[in-house]
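One-based numbering along the sequence shown. Note that ligands are numbered from 1 as they come in the structure, with each ligand's atoms numbered from 1 the same way.
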Amino acid sequence: MAATTRLISRLTLVTGGGSGIGRAVCQRLASEGASVVVADISEGSASDTLRSLPHDVRGQEHMSAVVDVSSKESVENLLTSIQCRYFQPASVCVNAAGITQDDFLLRMKEEDFDRVLQVNLKGTFLVTQSFAKALAACGAPKGSIVTLGSIVGKVGNIGQINYASSKSGVEGLTRTAAKELSRFGIRCNCVLPGFILTPMTAKVPEKVISKMTAMVPMGRMGEPAEVADVCAFLASDDSCYITGASIEVTGGLFIG
Ligand code: NAD
């Protein structure tokens, strides 16, 4: 766990906060003093994460909320409920909500392609847009948006035509948002995990996992906390001159 207090008095929003990487991000941000809004489509998972968060700093106040990031109305309701509860918008947003619906290109159903794009890419767009609007409108001096891409968006992956497309899109979205939002003091960066041990990868057949792990120079899958470390760095002022960047957290998978 972090030993710093660099996020004290920061209000942070984490989508997909109910599981895996999003949960680890919530725990890491809270351990650095931030107040955390845990947002997820699963109410029970978001509440479980909320219960796991530390309250070590005075004034630290967390909440959980249900959101479907692929719905504009749901995202707007979330932003309104944050404003009502804290009387200010969040100044950090980590977009960790994401899904997979794997199949080969020649078999992929149109609805499975659409659903993955809707959650992973459109969801990131809707949350980023609403978050940035709220922050710019209140004249806050700074903000940080972190998006979750994937190494798969860079190199492709058999059976993930929809997922790889969505994650390439997230990188393009992040770079464009970085260019447009710099004048509001808002930075926007993308984290590209490799193979991380979460419920998402628990669905992958053991055979595929051992093949993939054998390709990782560091010889193992990553932990959600190792991705959360990088998200917390990007959320904090320690990365204050970094925007539009993509940072790989892969144990060296696909170097070069
Ligand atoms: P996970 O399945 O453990 O968690 C994803 C969370 O998103 C879940 O709590 C789920 O309920 C939530 N969610 C799904 N659809 C949603 C929606 N429409 N609205 C709101 N919340 C929704 O997955 P994870 O492995 O922790 O992945 C987190 C992010 O990291 C995802 O964007 C994923 O694509 C990305 N990523 C993961 C890996 C990996 O190896 N695990 C690798 C690269 C990128």
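- R115 and S70 get closest at one heavy-atom pair: NH1-OG, 3.1 Å.
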Item checked: Criterion salt bridge (Lys or Arg N to Asp or Glu O under 4.0 Å) on E32 and R10, from CA distance to verdict -> CA-CA 10 Å; E32 296 208 31; R10 301 297 294 270; over 6 Å; no
Checklist line | Candidate pair D237 and R6, rule salt bridge (Lys or Arg N to Asp or Glu O under 4.0 Å), full reasoning | finding: CA-CA 8 Å; D237 292 345; R6 61 188 170 177; over 6 Å; no
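- Of the protein's non-hydrogen atoms, the one nearest atom 29 (C) of ligand 1 is A96 O, 3.1 Å.
- Among the atoms of G194, some N or O lies under 3.5 angstrom from an N or O of ligand 1.
- By the 3.5 Å distance cut-off applied to N or O atoms, S70 is not counted among the residues near ligand 1.
- The atoms of ligand 1 that sit less than 4.0 Å from any heavy atom of I99 are 14 (C), 15 (N).
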Next item on the list: Could you check R175 against E171 for salt bridge (Lys or Arg N to Asp or Glu O under 4.0 Å), going step by step and ending with a plain yes or no?
Entry: CA-CA 6 Å; R175 286 196 282 265; E171 269 198 270; 3.4 Å; yes
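- The closest donor-acceptor contact from the side chain of T174 to the backbone of G244 lies at 3.5 Å or more, if one exists at all.
- At under 3.5 Å, a nitrogen or oxygen of I196, whether backbone or side chain, sits near a nitrogen or oxygen of ligand 1.
- Checking only distances, S42 never comes within under 3.5 Å of ligand 1, N or O to N or O.
- Here the protein heavy atom with the shortest distance to atom 19 (N) of ligand 1 is V69 N, 3.0 Å.
- Each of the atoms 19 (N), 20 (C) of ligand 1 lies under 4.0 Å from some heavy atom of V67.
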Next item on the list: Show your reasoning for whether side-chain contact (heavy atoms from CB on, under 4.5 Å) applies to N95 and L148.
Entry: CA-CA 6 Å; N95 290 276; L148 266 296; 5.7 Å; no
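- Side chain of R187 to backbone of I242: a donor-acceptor contact under 3.5 angstrom is found.
- For atom 2 (O) of ligand 1, the nearest non-hydrogen atom from the set Q118, M212, E43, M200 belongs to M200.
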Next item on the list: Go through the steps to decide whether D229 and R28 satisfy the test salt bridge (Lys or Arg N to Asp or Glu O under 4.0 Å), and finish with yes or no.
Entry: CA-CA 7 Å; D229 290 347; R28 174 67 194 242; 2.4 Å; yes
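- The heavy atom nearest to atom 44 (C) of ligand 1, considering only A97, G149, G44, is found in G149.
- Contact check for V146 versus N189: no side-chain heavy atoms found under the 4.5 Å cut-off.
- Against a heavy-atom cut-off of under 4.0 Å, T201 is close to the following atoms of ligand 1: 39 (C), 40 (O), 41 (N).
- In this structure, S45 does not count as a contact residue of ligand 1, since none of its heavy atoms falls inside 4.0 Å of the ligand.
- Residue Y163 places at least one N or O, backbone or side chain, under 3.5 Å from an N or O of ligand 1.
- Distances between N or O atoms of S19 and those of ligand 1 include at least one value under 3.5 Å.
- Under a 4.0 Å criterion applied to the non-hydrogen atoms of F195, ligand 1 contributes the atoms 40 (O).
- Distances between N or O atoms of N95 and those of ligand 1 include no value under 3.5 Å.
- Counting the atoms of ligand 1 from 1 in the order shown, those under 4.0 Å from a heavy atom of G98 are 5 (C), 7 (O), 14 (C), 31 (C), 32 (O).
- Atom CD of E43 has 12 or fewer heavy atoms from other residues, nucleotides or ligands within 6.0 Å.
- With a 6.0 Å radius and a threshold of 12 heavy atoms from other residues, nucleotides or ligands, E110 has its CD atom at or below the threshold.
- In the displayed structure, K211 atom NZ is contacted under 6.0 Å by at most 12 heavy atoms of other residues, nucleotides or ligands.
- The 12-atom threshold is not exceeded at CZ of R58, counting heavy atoms of other residues, nucleotides or ligands nearer than 6.0 Å.
- Residue contacts with ligand 1 leave out T15, since none of its heavy atoms falls under 4.0 Å from the ligand.
- When only interatomic distances are considered, the shortest N/O to N/O separation between I41 and ligand 1 falls below 3.5 Å.
- Residue contacts with ligand 1 include P199, since one of its heavy atoms falls under 4.0 Å from the ligand.
- In this structure, the separation between CG on L29 and NE2 on H62 is 10.0 Å, given to the nearest 0.5 Å.
- Taking a 4.0 Å cut-off on heavy atoms, K167 registers as neighbouring ligand 1.
- Near G20, meaning under 4.0 Å from one of its heavy atoms, ligand 1 places the atoms 3 (O), 26 (O).
- Under the 3.5 Å distance criterion, the side-chain polar atoms of D102 are left unmatched by any main-chain donor or acceptor of Q160.
- When non-hydrogen atoms are compared, ligand 1 lies under 4.0 Å from the backbone of D68 as well as from its side chain.
- Distances between N or O atoms of D40 and those of ligand 1 include at least one value under 3.5 Å.
- Where the criterion is an N or O separation shorter than 3.5 Å, residue side chain and backbone included, I21 meets it with respect to ligand 1.
- Residue, atom and distance of the protein heavy atom nearest to atom 41 (N) of ligand 1 are T198 OG1, 3.2 Å.
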